[in-house]
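Worksheet for the structure shown next.
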Amino acid sequence: MKFGIEFVPNEPITKICYYVKLAEDNGFEYCWITDHYNNRNVYMTLTSIAGVTNKIKMGPGVTNPYVRSPAITASAIATLDEISGGRATLGIGPGDKATFDALGIEWTKPVATIKKSIADMRTLLKGGRLETGAQLAVKPLTEVPIYMGAQGPKMLETAGMIADGVLINASNPKDFEAAVPLIKKGAEAGGRSMDEVDVAAYACMSVDKKTEKAKQAAIPVVAFISAGSPAIVLERHGIDAEKVETIRGALKKGDFGTAFGTVDDTMMEAFSLYGTPDEVVEKIAALAKMGVTQVVSGSPIGPNKETSIKLIGKKVIPA
Ligand SMILES: C[C@H](OP(=O)(O)OC[C@@H](O)[C@@H](O)[C@@H](O)Cn1c2nc(=O)[nH]c(=O)c-2cc2ccc(O)cc21)C(=O)N[C@@H](CCC(=O)N[C@@H](CCC(=O)O)C(=O)O)C(=O)O
């Protein structure tokens, strides 16, 4: 099992660099930085991380082909690969509606667009020229792995067909029971084996010596995940749709007390990996059985990021 860690650049980059260096020192192999227009720039964050680390792989988790042209992303990831001494990985997904509405970007044909953008980036990163004549003057040090952020069935199949890995916003074996066969179907259609696809659980993680403390730290994140989850996912986990409606309404009004107070254990189990190190190790073993090959520690990581990164490094990541 590989271990990654995710950071949202919504706090000073110096602080994120500190956490990533700590993660590297504690055995994490991948660092994924989210990409939303309203946060700090993903590539400036990654460049700073490259400067303070020497082993951990890093990349956007995930960018999208609408806010930047694939040629701009290819140039950025080639530059990051050079700066980091060959440690760049690229995570790209279809992006999200809220972002494109806010930016006035038309979100059309996400599956077709992702396919084309990955093909174009691979051509450019190999030094090739696009039919438009675009060509990079910078080449990466290595063949940069391209991962896809994916949830929907077609996107998952596409990831199996063309991507080196897939980052799935999910923490529970039931989600991988549904996702892995779709990825496999895509891999087989693309003449590939599943061994070529790194299946990553991009999880809401919360680890602490005390189960209850870990749980309390994860509740706010689980409230937002529950509110953003489609009906098919709520049904899969037997989650009370009425409670989710209450959470959605409360979040909209900024009534976080009601929203967080409505989160129940079914939601916690469905949308987070929380508990003591031993409890989390058990949950990760269940994910491995479903074909997960990388666990990404996503927000909140724990009640205290620094303590939890060390705890995961010592007690969850095998020595
Ligand atoms: C587009 C969407 O794909 P999806 O995989 O479900 O998209 C949900 C998320 O993966 C997507 O919003 C990601 O960008 C969200 N996302 C992030 N999004 C961000 O903007 N920033 C991030 O940092 C980020 C991180 C992230 C990490 C992991 C992860 O799994 C997702 C992450 C979908 O609806 N897919 C369906 C249907 C798509 C479809 O069939 N479309 C047709 C036609 C549609 C049309 O007519 O336009 C087509 O594309 O050709 C499917 O896969 O079956």
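Along the sequence shown, the residues carry numbers beginning at 1. The figures that follow rest on heavy atoms only: side chains count, while hydrogens, waters and symmetry mates do not. It should be emphasised that the depicted structure is a prediction, and the values quoted were computed from it without experimental measurement. We count ligands from 1, going down the list as the structure has it; atoms in each ligand are counted the same way.
- A distance of 6.0 Å or more separates the ring centres of Tyr30 and Phe3.
- When every heavy atom of Leu311 is checked against every heavy atom of Pro277, the shortest pair comes out as CG-CG, 3.7 Å.
- For the 3.5 Å distance criterion, the side chains of Arg68 and Thr63 qualify, holding a donor opposite an acceptor.
- What you find for Ile77 and Thr89 is that their closest heavy atoms are CD1-O, 3.7 Å.
- Looking at Val42, Val62, Leu167, Leu46 one by one, the single match for side-chain contact (heavy atoms from CB on, under 4.5 Å) with Trp32 turns out to be Leu167.
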Per-pair distances, ligand 1 N/O vs protein N/O, less than 3.5 Å:
from     : atom 1 : to     : atom 2 : distance (Å)
ligand 1 : 5 (O)  : Gln151 : N      : 2.8
ligand 1 : 5 (O)  : Gly152 : N      : 3.3
ligand 1 : 6 (O)  : Gly152 : N      : 3.0
ligand 1 : 12 (O) : Gly95  : O      : 2.6
ligand 1 : 14 (O) : Gly95  : N      : 2.8
ligand 1 : 14 (O) : Gly95  : O      : 3.4
ligand 1 : 21 (N) : Asp35  : O      : 2.9
ligand 1 : 21 (N) : His36  : NE2    : 3.1
ligand 1 : 21 (N) : Val62  : O      : 3.3
ligand 1 : 23 (O) : Asp35  : N      : 2.9
ligand 1 : 23 (O) : Val62  : N      : 3.3
ligand 1 : 23 (O) : Val62  : O      : 3.2
ligand 1 : 30 (O) : Leu167 : O      : 2.7
ligand 1 : 30 (O) : Asn169 : N      : 3.2
ligand 1 : 40 (O) : Lys154 : NZ     : 2.9
ligand 1 : 47 (O) : Lys109 : N      : 3.0
ligand 1 : 49 (O) : Pro110 : N      : 2.9
ligand 1 : 49 (O) : Val111 : N      : 2.5
ligand 1 : 52 (O) : Gly152 : O      : 3.4
ligand 1 : 52 (O) : Lys154 : N      : 3.2
ligand 1 : 52 (O) : Met155 : N      : 2.8
ligand 1 : 53 (O) : Pro153 : N      : 3.4
ligand 1 : 53 (O) : Lys154 : N      : 2.9

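- If you chain together ILVMFWY residues whose side-chain heavy atoms come under 4.5 Å of each other, Val244 ends up grouped with Ile219, Val221, Val222, Phe224, Ile225, Ile232, Val233, Leu234, Ile239, Ile247, Leu251, Phe256, Phe260, Val263, Met267, Met268, Phe271, Tyr274.
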